[in-house]
Protein chains: 2
Amino acid sequence: MTESPEAIVKKDARNRRVAGADPDKRRQILDGALHVFTARGFDAASMNDIAAAANVSKGTLYVYFEDKEHLFVALIEREREAQKRGAFEALNHDSDPVRALSNFGQCLVGMLNNEFAVSAHRVVIGVAERMPDLGRSFYENGPAQGSKLIARYLDRMVAEGKLAIDDTRLAAVQFIDLCQATLMRPRLFNAIRSAPSEEEIQRIVASAIEMFMARYGVKPTR
Amino acid sequence: MTESPEAIVKKDARNRRVAGADPDKRRQILDGALHVFTARGFDAASMNDIAAAANVSKGTLYVYFEDKEHLFVALIEREREAQKRGAFEALNHDSDPVRALSNFGQCLVGMLNNEFAVSAHRVVIGVAERMPDLGRSFYENGPAQGSKLIARYLDRMVAEGKLAIDDTRLAAVQFIDLCQATLMRPRLFNAIRSAPSEEEIQRIVASAIEMFMARYGVKPTR
DNA sequence: GTCAAATCGAACTGATTGGTTCGATTCTTT
DNA sequence: AAAGAATCGAACCAATCAGTTCGATTTGAC
(Lines give C-alpha, C1' and ligand atoms only; values in the text may rest on other atoms or scores of the structure.)
Protein backbone atom coordinates (compact mmCIF):
# COMPACT_ATOMS: atom_id res chain seq x y z
CA MET A 1 0.00 0.00 0.00
CA THR A 2 3.02 2.27 0.02
CA GLU A 3 2.84 4.75 -2.77
CA SER A 4 5.45 7.28 -3.67
CA PRO A 5 4.38 10.59 -2.21
CA GLU A 6 6.32 12.41 -4.89
CA ALA A 7 4.32 12.96 -8.02
CA ILE A 8 7.28 14.03 -10.10
CA VAL A 9 7.75 10.77 -11.96
CA LYS A 10 4.83 10.42 -14.27
CA LYS A 11 5.67 7.21 -16.06
CA ASP A 12 6.89 3.80 -15.00
CA ALA A 13 9.79 1.84 -16.47
CA ARG A 14 7.84 0.97 -19.59
CA ASN A 15 6.72 4.59 -20.06
CA ARG A 16 3.22 3.84 -18.80
CA ARG A 17 1.18 6.20 -16.69
CA VAL A 18 1.33 5.45 -12.99
CA ALA A 19 -1.75 5.48 -10.80
CA GLY A 20 -1.97 8.45 -8.48
CA ALA A 21 0.99 10.20 -10.06
CA ASP A 22 -0.59 12.89 -12.21
CA PRO A 23 0.44 16.18 -10.61
CA ASP A 24 -2.43 18.00 -12.28
CA LYS A 25 -4.99 15.66 -10.81
CA ARG A 26 -3.28 15.85 -7.48
CA ARG A 27 -3.51 19.62 -7.52
CA GLN A 28 -7.13 19.36 -8.59
CA ILE A 29 -7.93 17.17 -5.60
CA LEU A 30 -6.08 19.46 -3.19
CA ASP A 31 -7.96 22.45 -4.56
CA GLY A 32 -11.27 20.75 -3.96
CA ALA A 33 -10.14 19.66 -0.51
CA LEU A 34 -9.07 23.21 0.27
CA HIS A 35 -12.57 24.48 -0.37
CA VAL A 36 -14.33 21.81 1.62
CA PHE A 37 -11.93 21.69 4.55
CA THR A 38 -11.82 25.46 4.95
CA ALA A 39 -15.58 25.74 4.67
CA ARG A 40 -16.47 22.99 7.12
CA GLY A 41 -13.42 22.07 9.17
CA PHE A 42 -11.73 18.70 9.34
CA ASP A 43 -14.46 16.58 10.88
CA ALA A 44 -17.45 17.99 9.10
CA ALA A 45 -15.77 17.74 5.72
CA SER A 46 -16.85 14.48 4.11
CA MET A 47 -14.80 12.62 1.57
CA ASN A 48 -17.86 12.51 -0.67
CA ASP A 49 -18.03 16.29 -0.65
CA ILE A 50 -14.35 16.58 -1.39
CA ALA A 51 -14.56 14.15 -4.29
CA ALA A 52 -17.47 16.10 -5.70
CA ALA A 53 -15.76 19.46 -5.18
CA ALA A 54 -12.66 18.16 -6.92
CA ASN A 55 -14.60 16.58 -9.80
CA VAL A 56 -12.97 13.28 -9.08
CA SER A 57 -14.38 9.89 -8.20
CA LYS A 58 -14.05 8.73 -4.65
CA GLY A 59 -11.94 5.80 -5.79
CA THR A 60 -9.42 8.12 -7.39
CA LEU A 61 -9.29 10.16 -4.21
CA TYR A 62 -8.06 7.10 -2.37
CA VAL A 63 -5.55 6.33 -5.09
CA TYR A 64 -3.92 9.69 -4.57
CA PHE A 65 -4.24 9.89 -0.80
CA GLU A 66 -4.15 7.10 1.74
CA ASP A 67 -6.95 8.45 3.91
CA LYS A 68 -8.65 11.61 5.06
CA GLU A 69 -5.93 12.60 7.48
CA HIS A 70 -3.13 12.18 4.96
CA LEU A 71 -5.06 14.28 2.46
CA PHE A 72 -5.56 16.94 5.07
CA VAL A 73 -1.92 16.98 6.08
CA ALA A 74 -0.80 17.20 2.46
CA LEU A 75 -3.14 20.12 1.92
CA ILE A 76 -2.00 22.01 5.00
CA GLU A 77 1.61 21.47 4.03
CA ARG A 78 0.98 22.87 0.58
CA GLU A 79 -0.71 25.97 1.95
CA ARG A 80 1.89 26.52 4.61
CA GLU A 81 4.66 26.24 2.02
CA ALA A 82 2.94 28.77 -0.22
CA GLN A 83 2.67 31.12 2.71
CA LYS A 84 6.29 30.73 3.65
CA ARG A 85 7.37 31.51 0.10
CA GLY A 86 5.27 34.65 0.19
CA ALA A 87 6.88 35.79 3.43
CA PHE A 88 10.39 35.27 2.14
CA GLU A 89 9.65 37.32 -0.93
CA ALA A 90 8.09 40.07 1.15
CA LEU A 91 11.25 40.99 3.04
CA ASN A 92 13.30 43.01 0.61
CA HIS A 93 16.50 43.54 2.49
CA ASP A 94 16.32 47.28 2.37
CA SER A 95 19.02 48.96 4.42
CA ASP A 96 16.46 51.32 5.89
CA PRO A 97 14.60 49.39 8.59
CA VAL A 98 11.51 51.58 8.41
CA ARG A 99 11.07 50.96 4.72
CA ALA A 100 11.89 47.26 4.94
CA LEU A 101 9.65 46.59 7.94
CA SER A 102 6.84 48.64 6.52
CA ASN A 103 6.93 46.71 3.29
CA PHE A 104 7.20 43.37 5.04
CA GLY A 105 4.45 44.16 7.51
CA GLN A 106 1.98 45.10 4.84
CA CYS A 107 2.72 42.05 2.71
CA LEU A 108 2.49 39.76 5.72
CA VAL A 109 -0.81 41.12 6.99
CA GLY A 110 -2.25 41.13 3.51
CA MET A 111 -1.30 37.49 3.08
CA LEU A 112 -2.54 36.37 6.46
CA ASN A 113 -5.88 38.02 5.94
CA ASN A 114 -6.57 36.21 2.74
CA GLU A 115 -9.78 34.22 3.04
CA PHE A 116 -8.19 30.80 2.75
CA ALA A 117 -5.26 31.61 4.98
CA VAL A 118 -7.57 32.57 7.81
CA SER A 119 -9.65 29.46 7.31
CA ALA A 120 -6.55 27.30 7.25
CA HIS A 121 -5.41 28.84 10.52
CA ARG A 122 -8.78 28.12 12.05
CA VAL A 123 -8.80 24.53 10.94
CA VAL A 124 -5.26 23.79 12.08
CA ILE A 125 -5.81 25.42 15.45
CA GLY A 126 -9.10 23.62 15.85
CA VAL A 127 -7.50 20.26 15.24
CA ALA A 128 -4.27 20.91 17.12
CA GLU A 129 -5.46 19.17 20.27
CA ARG A 130 -6.06 15.86 18.52
CA MET A 131 -3.25 16.22 15.99
CA PRO A 132 -0.44 17.89 17.91
CA ASP A 133 2.20 16.93 15.38
CA LEU A 134 0.38 18.73 12.61
CA GLY A 135 -0.11 21.79 14.78
CA ARG A 136 3.53 21.89 15.82
CA SER A 137 4.83 21.31 12.32
CA PHE A 138 2.55 24.00 10.92
CA TYR A 139 3.67 26.47 13.53
CA GLU A 140 7.38 25.73 13.34
CA ASN A 141 7.56 25.65 9.58
CA GLY A 142 5.21 28.59 9.14
CA PRO A 143 4.88 31.40 11.67
CA ALA A 144 8.11 30.51 13.47
CA GLN A 145 10.06 30.70 10.21
CA GLY A 146 8.60 34.11 9.52
CA SER A 147 9.76 35.49 12.83
CA LYS A 148 13.17 33.89 12.41
CA LEU A 149 13.46 35.64 9.09
CA ILE A 150 12.74 38.98 10.67
CA ALA A 151 14.96 38.27 13.66
CA ARG A 152 17.90 37.70 11.33
CA TYR A 153 17.18 40.94 9.54
CA LEU A 154 17.01 42.74 12.86
CA ASP A 155 20.35 41.17 13.83
CA ARG A 156 21.88 42.76 10.76
CA MET A 157 20.37 46.12 11.53
CA VAL A 158 21.71 45.92 15.05
CA ALA A 159 25.17 45.03 13.74
CA GLU A 160 24.98 48.02 11.42
CA GLY A 161 24.06 50.25 14.33
CA LYS A 162 20.67 51.12 12.91
CA LEU A 163 18.64 49.55 15.68
CA ALA A 164 19.27 48.90 19.36
CA ILE A 165 17.71 45.57 20.34
CA ASP A 166 18.76 43.26 23.11
CA ASP A 167 16.53 40.30 22.23
CA THR A 168 15.93 40.26 18.48
CA ARG A 169 13.96 37.03 18.63
CA LEU A 170 11.43 38.64 20.95
CA ALA A 171 11.46 41.91 19.03
CA ALA A 172 10.62 40.07 15.81
CA VAL A 173 7.52 38.48 17.29
CA GLN A 174 6.53 41.74 18.91
CA PHE A 175 6.68 43.40 15.52
CA ILE A 176 4.65 40.69 13.84
CA ASP A 177 2.03 40.78 16.57
CA LEU A 178 1.83 44.56 16.46
CA CYS A 179 1.19 44.44 12.74
CA GLN A 180 -1.80 42.20 13.33
CA ALA A 181 -3.25 44.13 16.26
CA THR A 182 -7.04 44.50 15.87
CA LEU A 183 -6.86 42.72 12.51
CA MET A 184 -6.23 39.03 13.06
CA ARG A 185 -8.05 38.06 16.23
CA PRO A 186 -11.57 39.08 15.22
CA ARG A 187 -11.08 37.31 11.92
CA LEU A 188 -9.98 34.10 13.62
CA PHE A 189 -13.17 34.16 15.65
CA ASN A 190 -15.12 35.01 12.51
CA ALA A 191 -16.38 38.18 14.16
CA ILE A 192 -15.49 40.14 11.04
CA ARG A 193 -16.45 38.58 7.76
CA SER A 194 -14.34 40.51 5.31
CA ALA A 195 -10.64 41.29 5.12
CA PRO A 196 -9.54 44.73 6.25
CA SER A 197 -9.05 47.41 3.62
CA GLU A 198 -5.63 48.26 2.29
CA GLU A 199 -5.77 51.61 4.09
CA GLU A 200 -6.65 50.01 7.41
CA ILE A 201 -3.71 47.64 7.07
CA GLN A 202 -1.48 50.56 6.23
CA ARG A 203 -2.65 52.44 9.29
CA ILE A 204 -2.05 49.55 11.70
CA VAL A 205 1.35 48.70 10.24
CA ALA A 206 2.37 52.35 10.42
CA SER A 207 1.39 52.44 14.07
CA ALA A 208 3.31 49.22 14.67
CA ILE A 209 6.45 50.69 13.18
CA GLU A 210 6.02 53.92 15.09
CA MET A 211 5.95 51.90 18.28
CA PHE A 212 8.76 49.59 17.23
CA MET A 213 11.06 52.47 16.38
CA ALA A 214 10.18 54.37 19.53
CA ARG A 215 11.48 51.41 21.49
CA TYR A 216 14.29 50.03 19.36
CA GLY A 217 15.32 52.94 17.15
CA VAL A 218 18.77 54.38 17.87
CA LYS A 219 18.47 57.73 19.61
CA PRO A 220 20.15 60.54 17.71
CA THR A 221 23.04 61.94 19.72
CA ARG A 222 21.91 65.01 21.55
CA MET B 1 -27.37 34.50 34.99
CA THR B 2 -27.40 34.97 38.71
CA GLU B 3 -27.50 31.68 40.51
CA SER B 4 -27.45 31.33 44.24
CA PRO B 5 -24.19 30.17 45.77
CA GLU B 6 -25.97 27.45 47.67
CA ALA B 7 -27.76 24.82 45.65
CA ILE B 8 -31.39 25.76 45.93
CA VAL B 9 -33.25 23.23 43.88
CA LYS B 10 -36.09 24.74 41.98
CA LYS B 11 -39.49 23.47 42.97
CA ASP B 12 -42.84 23.58 41.24
CA ALA B 13 -46.12 24.89 42.66
CA ARG B 14 -46.60 21.79 44.78
CA ASN B 15 -43.02 21.99 46.08
CA ARG B 16 -41.84 19.19 43.85
CA ARG B 17 -38.42 19.03 42.21
CA VAL B 18 -38.40 20.11 38.59
CA ALA B 19 -36.68 18.09 35.91
CA GLY B 20 -33.46 19.58 34.59
CA ALA B 21 -33.38 22.31 37.20
CA ASP B 22 -30.79 21.13 39.69
CA PRO B 23 -27.89 23.61 39.45
CA ASP B 24 -25.47 21.09 40.94
CA LYS B 25 -26.25 18.53 38.30
CA ARG B 26 -26.08 21.18 35.66
CA ARG B 27 -22.63 22.21 36.81
CA GLN B 28 -21.62 18.57 36.96
CA ILE B 29 -22.64 18.07 33.34
CA LEU B 30 -20.86 21.22 32.20
CA ASP B 31 -17.70 20.11 34.01
CA GLY B 32 -17.75 16.78 32.22
CA ALA B 33 -18.47 18.50 28.93
CA LEU B 34 -15.57 20.86 29.51
CA HIS B 35 -13.16 17.97 29.78
CA VAL B 36 -14.43 16.13 26.74
CA PHE B 37 -14.89 19.14 24.48
CA THR B 38 -11.50 20.59 25.29
CA ALA B 39 -9.79 17.25 24.87
CA ARG B 40 -11.37 16.30 21.55
CA GLY B 41 -13.02 19.34 20.01
CA PHE B 42 -16.65 19.80 19.15
CA ASP B 43 -17.14 17.13 16.49
CA ALA B 44 -15.04 14.37 17.98
CA ALA B 45 -16.65 14.76 21.39
CA SER B 46 -19.46 12.22 21.66
CA MET B 47 -22.46 12.66 23.88
CA ASN B 48 -21.80 9.21 25.30
CA ASP B 49 -18.34 10.31 26.42
CA ILE B 50 -19.74 13.46 27.95
CA ALA B 51 -22.41 11.56 29.84
CA ALA B 52 -19.76 9.18 31.15
CA ALA B 53 -17.35 11.98 32.07
CA ALA B 54 -20.13 13.77 33.93
CA ASN B 55 -21.35 10.62 35.70
CA VAL B 56 -24.80 11.20 34.34
CA SER B 57 -27.07 9.12 32.18
CA LYS B 58 -27.49 10.12 28.59
CA GLY B 59 -31.19 10.66 29.17
CA THR B 60 -30.49 13.18 31.91
CA LEU B 61 -28.07 14.95 29.61
CA TYR B 62 -30.92 15.60 27.22
CA VAL B 63 -33.17 16.74 30.04
CA TYR B 64 -30.72 19.48 30.93
CA PHE B 65 -29.63 20.44 27.42
CA GLU B 66 -31.63 20.40 24.24
CA ASP B 67 -28.87 19.02 22.06
CA LYS B 68 -25.12 18.89 21.60
CA GLU B 69 -24.83 22.37 20.20
CA HIS B 70 -26.85 23.96 23.00
CA LEU B 71 -24.72 22.17 25.57
CA PHE B 72 -21.59 23.40 23.85
CA VAL B 73 -22.81 26.98 23.68
CA ALA B 74 -23.80 26.93 27.34
CA LEU B 75 -20.37 25.64 28.25
CA ILE B 76 -18.51 28.23 26.20
CA GLU B 77 -20.63 31.00 27.68
CA ARG B 78 -19.84 29.83 31.17
CA GLU B 79 -16.12 29.77 30.51
CA ARG B 80 -16.13 33.09 28.72
CA GLU B 81 -17.99 34.69 31.60
CA ALA B 82 -15.51 33.30 34.08
CA GLN B 83 -12.68 34.71 32.02
CA LYS B 84 -14.29 38.11 31.77
CA ARG B 85 -14.76 38.25 35.52
CA GLY B 86 -11.08 37.45 35.96
CA ALA B 87 -10.05 40.24 33.62
CA PHE B 88 -12.18 42.83 35.36
CA GLU B 89 -10.68 41.92 38.70
CA ALA B 90 -7.17 42.06 37.29
CA LEU B 91 -7.24 45.77 36.44
CA ASN B 92 -6.74 47.52 39.74
CA HIS B 93 -7.17 51.13 38.80
CA ASP B 94 -3.79 52.18 40.01
CA SER B 95 -2.96 55.76 39.13
CA ASP B 96 0.49 54.71 37.97
CA PRO B 97 0.06 53.22 34.51
CA VAL B 98 3.22 51.14 34.69
CA ARG B 99 2.10 49.42 37.85
CA ALA B 100 -1.49 48.99 36.69
CA LEU B 101 -0.60 47.67 33.24
CA SER B 102 2.09 45.42 34.62
CA ASN B 103 -0.33 43.88 37.06
CA PHE B 104 -3.08 43.54 34.47
CA GLY B 105 -0.76 42.10 31.85
CA GLN B 106 0.51 39.39 34.11
CA CYS B 107 -2.93 38.40 35.33
CA LEU B 108 -4.26 38.34 31.79
CA VAL B 109 -1.48 36.23 30.35
CA GLY B 110 -1.61 33.89 33.28
CA MET B 111 -5.33 33.38 32.80
CA LEU B 112 -5.14 32.95 29.06
CA ASN B 113 -2.43 30.34 29.36
CA ASN B 114 -4.44 28.15 31.65
CA GLU B 115 -4.88 24.73 30.10
CA PHE B 116 -8.64 24.93 29.66
CA ALA B 117 -8.61 28.50 28.44
CA VAL B 118 -6.26 27.61 25.63
CA SER B 119 -8.31 24.57 24.73
CA ALA B 120 -11.49 26.61 24.75
CA HIS B 121 -9.90 29.13 22.42
CA ARG B 122 -8.88 26.35 20.08
CA VAL B 123 -12.31 24.81 20.03
CA VAL B 124 -14.16 28.07 19.46
CA ILE B 125 -11.79 29.15 16.71
CA GLY B 126 -11.99 25.74 15.12
CA VAL B 127 -15.76 25.86 14.99
CA ALA B 128 -16.09 29.54 14.08
CA GLU B 129 -16.52 28.86 10.39
CA ARG B 130 -19.58 26.69 10.89
CA MET B 131 -20.93 28.55 13.91
CA PRO B 132 -20.16 32.19 13.20
CA ASP B 133 -22.60 33.46 15.81
CA LEU B 134 -20.83 31.59 18.57
CA GLY B 135 -17.46 32.83 17.37
CA ARG B 136 -18.61 36.42 17.17
CA SER B 137 -20.37 36.33 20.52
CA PHE B 138 -17.34 34.76 22.18
CA TYR B 139 -15.05 37.37 20.73
CA GLU B 140 -17.23 40.37 21.44
CA ASN B 141 -18.15 39.37 24.97
CA GLY B 142 -14.66 38.10 25.78
CA PRO B 143 -11.50 39.52 24.20
CA ALA B 144 -13.23 42.65 22.92
CA GLN B 145 -14.50 43.46 26.41
CA GLY B 146 -10.99 43.07 27.77
CA SER B 147 -9.56 45.56 25.34
CA LYS B 148 -12.45 47.97 25.94
CA LEU B 149 -11.67 47.80 29.63
CA ILE B 150 -8.07 48.74 29.01
CA ALA B 151 -8.99 51.39 26.48
CA ARG B 152 -11.14 53.13 29.06
CA TYR B 153 -8.33 53.01 31.57
CA LEU B 154 -5.98 54.48 28.99
CA ASP B 155 -8.52 57.20 28.29
CA ARG B 156 -8.35 58.20 31.92
CA MET B 157 -4.57 58.18 31.94
CA VAL B 158 -4.58 60.39 28.87
CA ALA B 159 -7.02 62.77 30.52
CA GLU B 160 -4.74 62.90 33.54
CA GLY B 161 -1.80 63.71 31.31
CA LYS B 162 0.06 60.53 32.24
CA LEU B 163 0.03 59.03 28.77
CA ALA B 164 -0.06 60.49 25.27
CA ILE B 165 -2.20 58.30 23.02
CA ASP B 166 -4.13 59.31 19.96
CA ASP B 167 -6.07 56.06 19.43
CA THR B 168 -6.61 54.38 22.78
CA ARG B 169 -8.67 51.60 21.26
CA LEU B 170 -5.75 50.57 19.08
CA ALA B 171 -3.24 51.09 21.86
CA ALA B 172 -5.20 48.77 24.13
CA VAL B 173 -5.07 45.93 21.64
CA GLN B 174 -1.44 46.61 20.93
CA PHE B 175 -0.70 46.27 24.61
CA ILE B 176 -2.65 43.05 24.95
CA ASP B 177 -0.95 41.56 21.91
CA LEU B 178 2.48 42.60 23.10
CA CYS B 179 1.86 40.87 26.40
CA GLN B 180 1.18 37.64 24.57
CA ALA B 181 4.08 37.87 22.13
CA THR B 182 5.86 34.48 21.83
CA LEU B 183 3.50 33.03 24.45
CA MET B 184 0.07 32.55 22.97
CA ARG B 185 0.57 31.57 19.35
CA PRO B 186 2.68 28.46 19.89
CA ARG B 187 0.23 27.30 22.52
CA LEU B 188 -2.74 27.73 20.20
CA PHE B 189 -0.99 25.53 17.66
CA ASN B 190 -0.09 23.12 20.44
CA ALA B 191 3.59 23.54 19.60
CA ILE B 192 4.35 24.03 23.29
CA ARG B 193 2.66 21.65 25.66
CA SER B 194 3.04 23.44 28.97
CA ALA B 195 2.21 26.93 30.12
CA PRO B 196 5.10 29.41 30.34
CA SER B 197 6.74 29.94 33.70
CA GLU B 198 5.89 32.87 35.89
CA GLU B 199 9.30 34.40 35.20
CA GLU B 200 8.89 34.09 31.45
CA ILE B 201 5.52 35.82 31.64
CA GLN B 202 7.08 38.54 33.76
CA ARG B 203 9.86 39.05 31.24
CA ILE B 204 7.50 39.36 28.27
CA VAL B 205 5.10 41.66 30.05
CA ALA B 206 7.98 43.84 31.20
CA SER B 207 9.21 44.11 27.65
CA ALA B 208 5.68 44.93 26.49
CA ILE B 209 5.44 47.78 28.97
CA GLU B 210 8.88 49.05 28.07
CA MET B 211 7.76 49.28 24.47
CA PHE B 212 4.36 50.69 25.31
CA MET B 213 5.82 53.45 27.45
CA ALA B 214 8.52 54.25 24.92
CA ARG B 215 5.75 55.03 22.47
CA TYR B 216 2.94 56.41 24.60
CA GLY B 217 4.67 57.62 27.74
CA VAL B 218 4.74 61.40 28.21
CA LYS B 219 8.17 62.71 27.42
CA PRO B 220 9.82 64.67 30.17
CA THR B 221 10.31 68.25 29.08
CA ARG B 222 13.33 68.35 26.85
C1' DG C 1 -43.28 4.31 55.00
C1' DT C 2 -45.51 6.04 50.78
C1' DC C 3 -45.65 7.84 46.42
C1' DA C 4 -44.59 10.58 42.61
C1' DA C 5 -41.10 12.38 40.08
C1' DA C 6 -36.13 12.41 38.62
C1' DT C 7 -32.67 9.66 37.22
C1' DC C 8 -30.48 5.56 35.52
C1' DG C 9 -29.06 2.35 32.03
C1' DA C 10 -29.27 -0.11 28.23
C1' DA C 11 -31.10 -1.04 24.11
C1' DC C 12 -32.72 0.95 19.81
C1' DT C 13 -33.30 4.08 15.50
C1' DG C 14 -32.01 6.48 11.63
C1' DA C 15 -28.68 8.86 9.38
C1' DT C 16 -23.95 9.72 8.12
C1' DT C 17 -19.33 8.62 7.19
C1' DG C 18 -14.75 6.62 5.99
C1' DG C 19 -13.28 3.44 3.18
C1' DT C 20 -13.82 -0.61 -0.37
C1' DT C 21 -15.21 -3.09 -4.48
C1' DC C 22 -16.00 -3.87 -9.19
C1' DG C 23 -17.65 -3.59 -13.72
C1' DA C 24 -18.06 0.15 -17.22
C1' DT C 25 -15.74 3.96 -19.45
C1' DT C 26 -12.15 6.97 -20.93
C1' DC C 27 -7.35 8.01 -21.96
C1' DT C 28 -2.85 7.27 -23.78
C1' DT C 29 0.60 4.87 -25.98
C1' DT C 30 2.11 1.90 -29.52
C1' DA D 1 -6.98 0.32 -34.25
C1' DA D 2 -5.92 -2.33 -30.19
C1' DA D 3 -4.43 -2.93 -25.59
C1' DG D 4 -3.81 -1.82 -21.10
C1' DA D 5 -4.01 1.17 -17.45
C1' DA D 6 -6.32 5.05 -14.92
C1' DT D 7 -10.53 6.72 -13.82
C1' DC D 8 -15.43 6.77 -13.09
C1' DG D 9 -19.63 5.85 -10.56
C1' DA D 10 -22.56 3.64 -7.91
C1' DA D 11 -23.47 0.37 -4.82
C1' DC D 12 -21.90 -1.51 -0.59
C1' DC D 13 -19.94 -2.38 4.41
C1' DA D 14 -19.00 -1.59 9.06
C1' DA D 15 -18.71 1.66 12.53
C1' DT D 16 -20.14 5.63 14.88
C1' DC D 17 -23.08 8.91 16.64
C1' DA D 18 -27.04 12.09 17.98
C1' DG D 19 -31.04 11.53 19.92
C1' DT D 20 -35.15 8.49 21.77
C1' DT D 21 -37.55 5.11 24.50
C1' DC D 22 -38.86 2.65 28.45
C1' DG D 23 -38.80 -0.14 32.36
C1' DA D 24 -36.05 -0.31 36.69
C1' DT D 25 -34.15 2.31 40.47
C1' DT D 26 -33.26 6.08 43.39
C1' DT D 27 -34.59 10.28 45.76
C1' DG D 28 -37.03 13.42 48.52
C1' DA D 29 -41.26 15.59 50.37
C1' DC D 30 -45.00 14.36 53.05
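Reminder, nothing fancy here: chain letters follow the sequence lines and each chain counts from 1.
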Asker: With distance as the sole test, does B/Lys68 use its side chain to make a donor-acceptor pair with the main-chain N or O of B/Ala45 at under 3.5 Å?
Answerer: yes
Asker: Would you find a donor on one side and an acceptor on the other, under 3.5 Å apart, between the side chain of A/Tyr64 and the backbone of A/Asp22?
Answerer: yes
Asker: Counting C-beta onward and ignoring hydrogens, is there a side-chain heavy-atom pair between A/Tyr153 and A/Phe104 closer than 4.5 Å?
Answerer: no
Asker: Would you kindly give the CZ-to-P distance between A/Phe72 and C/dG18, to the nearest whole Å?
Answerer: 13 Å
Asker: Rounded to whole angstrom units, what separation is found between the CD atom of B/Gln28 and the P atom of C/dC8?
Answerer: 8 Å
Asker: Would you call the rings of A/His121 and A/Phe138 parallel, tilted or perpendicular if under 30° counts as parallel and over 60° as perpendicular?
Answerer: perpendicular
Asker: Roughly how many Å is it from CG in A/Leu61 to C1' in D/dG9, rounded to a whole number?
Answerer: 13 Å
Asker: Mind calculating the distance between CG (B/Asp24) and C1' (D/dG28) to the nearest angstrom?
Answerer: 15 Å
Asker: Keeping B/Arg122 on the side-chain end and A/Ile125 on the backbone end, is there a donor-acceptor pair under 3.5 Å?
Answerer: no
Asker: Please report, rounded to the nearest Å, how far the C1' atom of D/dG9 is from the CG atom of A/Asn55.
Answerer: 13 Å
Asker: For a quick test of reading the model: is some side-chain N or O of B/Tyr64 closer than 4.0 Å to OP1 or OP2 of C/dA6?
Answerer: no
Asker: Is the phosphate of C/dC27, meaning OP1 or OP2, less than 4.0 Å from a side-chain N or O of A/Lys25?
Answerer: no
Asker: Keeping A/Asn190 on the side-chain end and B/Ala128 on the backbone end, is there a donor-acceptor pair under 3.5 Å?
Answerer: yes
Asker: What string of B, S and - do you get for nucleotides 12-20 of chain D 5' to 3' if you count protein non-hydrogen atoms under 4.0 Å?
Answerer: -----SBBB
Asker: May I ask you to evaluate whether A/Ser57 reaches the phosphate of D/dC8, defined as a side-chain N or O under 4.0 Å from OP1 or OP2?
Answerer: yes
Asker: For B/Ile29 and C/dA6, give me the distance from atom CD1 to atom C1', rounded to whole Å.
Answerer: 12 Å
